[in-house]
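Here's the structure we're looking at; comments come further down.
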Amino acid sequence: MQHTRIKDLLNASTFGQEVTVKAWVKTFRNNQFLALNDGSCLGNLQAVIDFTHTEEALLKRLNTGAAVLVRGPLVESLGKGQRVEVKVSHLEILGDSDPEKFPLQPKKHSLEFLREIAHLRFRTNTFNAIFKVRHTLAFAIHQFFNDRGFVYLHSPIITGSDAEGAGEMFRVTTLDLNNPPRLEDGSINYKEDFFARSTNLTVSGQLEGELAAMALGNIYTFGPTFRAENSNTTRHLAEFWMVEPEMAFYELKDNMDLAEDMLKYLIRYALEHCPDEIDFLKNRLLEEEKLKPQAERSELDLVSKLNFCLENNFERLTYTEAIEILRQSKPNQKKQFKYLIEGWGTDLQSEHERYLVEKHFKKPVILTDYPAEIKSFYMRQNEPDAQGRKTVGAMDILFPGIGEMVGGSQREERLDRLVGRMEELGIPAEEMDWFLDTRRFGTAPHSGFGLGFERLVLFVTGMTNIRDVIPFPRTPKNAEF
RNA sequence: UCCUGAGUAGCUCAGCCGGUUAGAGCAUCUGACUGUUAAUCAGAGGGUCGCUGGUUCGAGCCCAGCCUCAGGAGCCA
């Protein structure tokens, strides 16, 4: 049967026509006012029921969560608080919702509780808004790259390479775990496994992306990524989505320019296409901040924060410059950092990144040229500086409240340098032969980066826990639903 | 994995120094009211105090172990 989405009805400019609405009950007030939501927008449609001419048994079934059909003329609302309403002439229950058992009430629930009922949390305003924004950002990613002639590459989810060392991996196998085939020395015989070798879920599509970029020019991947790290934080998931562009003939600066353009494009796209959702999330955040002491409240509301991000250039500086700023910073002088900045060469701790981004520059920061020791083997080796310190052409983009949003680099395209570094780190070159072929045949400067999609969604929605911006979060000890 | 905190009604939380029958608001149920905006008013029902063990005349409260959750750290995106 034909029915109209509530979003269209709330925007309607003509009245009197009969409409049919199919939606879920949010609340039923005063035995006559039904607040309906069908997911098409955050707003509810008010349906007014003539309870004197409606069976009492039917009215009793208008419980929060029930699916209903209402039909009647769309009229200007007699009451305050809404512009339009439906005067119900026909009412049907499509699906009951037992009020004794339905866990959502017309009141504020904690995010922790909603996480436990992740299958139902879509029905709340907050998660309606979050997943609209998430969708919009995903769509905008494809739009951005497509407009610029990038090819969307599907890198494999099951990988055979275990040489990359970018974190703990999830094993993929069809072997009988209770009785696996073994070699004479007792080790497991993967020759008998499905792929006749040991396989894992991907931790990054970068290496495959590089192969494609060295032919197609500019590519990007956007898919699920898996890390079996025992991370219990508000910023990590065992299964998350990552965007990884890879560009032939791009040097580090081109790489940074693209990443900054992309982030601004995505934020602007969300602001333009989800104004209601972001406004709702902004107000939600303001409510939450009221509970905090003045000192801990943020200076900018969500919309201002996003706009501020668009209006300012990201601060670009090298690791070496950042160390100097941190060394002379107040918290370092006063020994307030848990990890004091003493010398050059160690990785920055969260507290240092937060100081740079949230206190010193107060905007997104791109850090470049990290010490080679603390970065991956594939990053391009810079010439040592006057003091003989070795760095690589890496770039990390740090965001306030999030930390590392993007991690990327110019890749080492010189075969001898790359193989040399792999030897130093004990990475077996034989297993990476296919990867090294790009450096053997027509090698060229190229660059790329990885964007943690959920971290972007966190920033744009103003949420603070990454488990609340993915439908069904996978974290250590939790893979429910 | 480490550090800190938490776990009491469907939800959010209170529960004093270890002491009789464990409380409140919301939700639910019953009734009243009927242009309400998380409707309102009156009444009622609702508990394995995370689990296991220990101390004690007596444990929601003290002790030990475990489980789960949250925040921070590490790892990273």
Side-chain angles (χ1 to χ4, degrees), chain A residues 26-35 43-52 59-60 63-65 75 77-82 85 87 97-117 120 124-125 165-168 202-206 222-244 259 291 337-339 347-354 374-376 396-399 402-408 449-459 464-470 475-478 480:
Chain A
K26 282 280 192 178
T27 62
F28 182 43
R29 284 187 296 268
N30 221 349
N31 219 17
Q32 51 184 331
F33 301 108
L34 201 51
N44 296 332
L45 176 73
Q46 175 156 291
V48 186
I49 294 165
D50 178 3
F51 63 92
T52 56
L59 293 174
K60 291 266 182 226
N63 300 309
T64 303
V75 299
S77 179
L78 298 175
K80 287 170 189 159
Q82 59 280 317
E85 62 191 24
K87 212 174 162 206
S97 175
D98 185 345
E100 300 262 21
K101 291 177 185 155
F102 188 62
L104 292 173
Q105 304 156 19
K107 70 165 220 173
K108 204 174 170 71
H109 287 99
S110 68
L111 292 169
E112 289 86 350
F113 173 64
L114 292 172
R115 224 170 276 151
E116 288 170 22
I117 50 164
L120 295 173
T124 65
N125 291 332
E168 293 296 310
T202 181
V203 293
S204 163
Q206 182 199 317
F222 183 14
T225 309
F226 307 89
R227 305 264 167 99
E229 302 285 352
N230 192 5
S231 295
N232 292 289
T233 79
T234 54
R235 315 178 293 286
H236 289 87
L237 292 165
E239 177 185 278
F240 64 101
W241 287 65
M242 190 153 63
V243 183
E244 294 182 286
L291 303 173
F337 281 143
K338 197 173 166 204
Y339 298 88
D347 210 350
L348 299 180
Q349 306 288 323
S350 298
E351 58 180 350
H352 305 139
E353 295 182 352
R354 271 210 308 276
I374 59 173
K375 287 291 182 181
S376 304
D396 284 1
I397 304 186
L398 310 176
F399 263 63
I402 309 285
E404 187 177 343
M405 177 84 81
V406 162
F449 61 83
L451 164 77
F453 182 59
E454 282 77 17
R455 291 187 180 177
L456 174 70
V457 182
L458 269 185
F459 184 72
T464 51
N465 191 319
I466 201 163
R467 296 161 205 149
D468 295 327
V469 299
I470 188 166
T475 52
K477 298 194 167 85
N478 181 20
E480 207 169 346

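Reminder, nothing fancy here: chain letters follow the sequence lines and each chain counts from 1.
Side-chain nitrogen and oxygen atoms of A:Thr234 include at least one within less than 4.0 Å of the OP1 or OP2 phosphate oxygen of B:rG72. Not one side-chain nitrogen or oxygen of A:Asn31 sits closer than 4.0 Å to the OP1 or OP2 atom of B:rA32. Contact annotation: A:Thr27 does not reach the phosphate of B:rU37 (side-chain N/O to OP1 or OP2, under 4.0 Å). Considering only side-chain N and O atoms, A:Asn30 lies nowhere under 4.0 angstrom from the phosphate OP1 or OP2 of B:rA39. Here A:Arg354 reaches the OP1 or OP2 of B:rA73: one of its side-chain N or O atoms lies under 4.0 Å away. Side-chain N/O atoms of A:Arg467 include one lying less than 4.0 angstrom from OP1 or OP2 on B:rG71. Contact between the side-chain N/O atoms of A:Arg29 and the OP1/OP2 oxygens of B:rU36 is not found at any separation under 4.0 Å.
Comparing B:rU68, B:rC29, B:rA73 by their nearest atom to the side chain of A:Gln349 picks out B:rA73. Distances from the side chain of A:Asn478 to the nucleotides B:rC69, B:rA73, B:rG72 place B:rC69 closest. Set against B:rC75, B:rG35, B:rC76, the side chain of A:Arg455 has B:rC76 as its closest nucleotide. Taking every side-chain heavy atom of A:Gln46 into account, B:rU37 is the closest of B:rC75, B:rU37, B:rC69. Minimum atom distance to the side chain of A:Leu237 is reached by B:rA77, of the listed B:rA70, B:rC29, B:rA77. The side chain of A:Phe33 approaches B:rG35 more closely than any other nucleotide in the set B:rG35, B:rC75, B:rA73.
Listed here is the closest heavy atom pair of A:Asp396 and A:Gly407: OD1-CA, 3.6 Å. Closest heavy-atom contact between A:Phe459 and A:Ile402: N-CD1, 3.8 Å. A:Asn125 and A:Lys26 make their closest contact through OD1-NZ, 3.5 Å (heavy atoms, listed as atom of the first residue, atom of the second, distance). Of all heavy-atom pairs between A:Glu351 and A:Tyr339, the closest is OE2-N, 2.7 Å. Annotation for A:Thr202 and A:Pro224: closest pair CG2-O, 3.7 Å, computed over non-hydrogen atoms. The two residues A:Gly65 and A:Ser97 come nearest to each other via the heavy atoms C-CB, 3.5 Å.
Taking atom NZ of A:Lys80 as the reference point, atom P of B:rU37 lies 12 Å away to the nearest angstrom. Summarising the geometry, the separation between CD on A:Glu353 and C1' on B:rA73 is reported as 13 Å, rounded to the nearest angstrom. We find that CG of A:Asn63 is positioned 8 Å from P of B:rU28, with the value rounded to whole Å. Rounded to an integer number of Å, the gap from CG of A:Leu348 to C1' of B:rC75 is 15 Å. For A:Arg227 and B:rG74, the CZ to P distance is 17 Å, given to the nearest whole Å. Distance CZ (A:Phe226) to P (B:rC76): 20 Å, rounded to an integer number of Å. Atom pair A:Met242:CE and B:rC76:C1' shows a separation of 10 Å (rounding to whole Å applied). Taking atom NE2 on A:His236 and atom P on B:rU1, their separation rounds to 16 Å, with Å as the unit.
The gap from the P atom of B:rC66 to that of B:rU1 amounts to 11 Å, rounded to the nearest Å. Separating the P atom of B:rC61 from that of B:rU48 is a span of 16 Å, rounded to the nearest Å. Between B:rC67 and B:rC29, the distance separating the two P atoms is 39 Å to the nearest Å. B:rC3 and B:rA77 have their C1' atoms separated by 24 Å, given to the nearest Å. Here, B:rG47 and B:rG71 have their C1' atoms 29 Å apart, quoted to the whole Å. Distance noted for atom P between B:rA39 and B:rA22: 33 Å (whole Å). The separation of B:rC17 from B:rG60, taken at their C1' atoms, amounts to 15 Å, rounded to a whole angstrom. Using C1' as the reference atom, B:rC49 and B:rU8 are 4 Å apart when rounded to the nearest Å.
A:Glu404 is not listed as a side-chain neighbour of A:Leu348, based on a closest heavy-atom distance of 4.5 Å or more.
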Name each donor-acceptor pair under 3.5 Å that joins a side chain in residues 107-114 of chain A to protein atoms two or more places apart or in another chain, with its distance.
from	atom 1	to	atom 2	distance (Å)
A:His109	ND1	A:Lys107	O	3.4
A:Ser110	OG	A:Phe113	N	3.1

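Within the 4.0 angstrom heavy-atom criterion, no nucleotide atom of any strand lies near A:Glu244. A:Gln82 comes within 4.0 angstrom of a base, heavy atoms only. Among the atoms of the strands shown, only primed sugar atoms or phosphate atoms (P, OP1, OP2) are found under 4.0 Å from some heavy atom of A:Lys477. Counting non-hydrogen atoms under 4.0 angstrom, A:Thr64 reaches nothing in the nucleic acid. No engagement by A:Val243 is indicated, since no non-hydrogen atom pair under 4.0 Å with the nucleic acid exists. A:Arg235 comes within 4.0 angstrom of a nucleotide base, judged by non-hydrogen atoms across all strands.
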Please list, pair by pair, any protein nitrogen or oxygen found under 3.5 Å from a nitrogen or oxygen in nucleotides 7-11 of chain B.
from	atom 1	to	atom 2	distance (Å)
B:rG10	N2	A:Gln105	OE1	3.3
B:rG10	N2	A:Gln105	NE2	2.9
B:rG10	N3	A:Gln105	NE2	3.4
B:rC11	O2	A:Lys107	NZ	2.8

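Counting distance only, with no hydrogens placed and no angle test, the side-chain atoms of A:Glu112 and the base atoms of B:rG71 include no donor-acceptor pair under 3.5 Å. For A:Ser231 and B:rC75, a side-chain-to-base donor-acceptor distance below 3.5 Å is present, hydrogens and geometry of angles not being considered. Judged by atom type and distance alone, A:Asn44 does not reach the base of B:rU37 through any side-chain donor-acceptor pair under 3.5 Å.
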query = Checking side chain to side chain contact (heavy atoms under 4.5 Å, CB included) for the pair A:Thr475/A:Ile466: CA distance, chi angles, key distance, verdict?
reply = CA-CA 10 Å; A:Thr475 52; A:Ile466 201 163; over 6 Å; no

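For A:Arg29, the side chain to side chain donor-acceptor pair (under 3.5 Å) test picks out A:Thr27, with sequence neighbours left out. Scored by the side chain to side chain donor-acceptor pair (under 3.5 Å) test, A:Glu85 finds A:Gln46, A:Ser77 as partners (sequence neighbours excluded). Residues passing the side chain to side chain contact (heavy atoms under 4.5 Å, CB included) test with A:Asn465 are A:Arg115, A:Thr234, A:Arg467, A:Asp468, sequence neighbours excluded.
Positionally, the nearest nucleotide of RNA chain B for A:Glu85 lies more toward the 5' end than for the other of A:Glu85 and A:Phe453.
Helical stems involving RNA chain B, defined as 3 or more consecutive Watson-Crick or G-U pairs under 3.5 Å, span B:1-7 with B:67-73, B:10-13 with B:23-26, B:28-32 with B:40-44, B:50-54 with B:62-66.
The distance from the CG atom of A:Asn30 to the CD1 atom of A:Ile49 is 11.5 Å, given to the nearest 0.5 Å.
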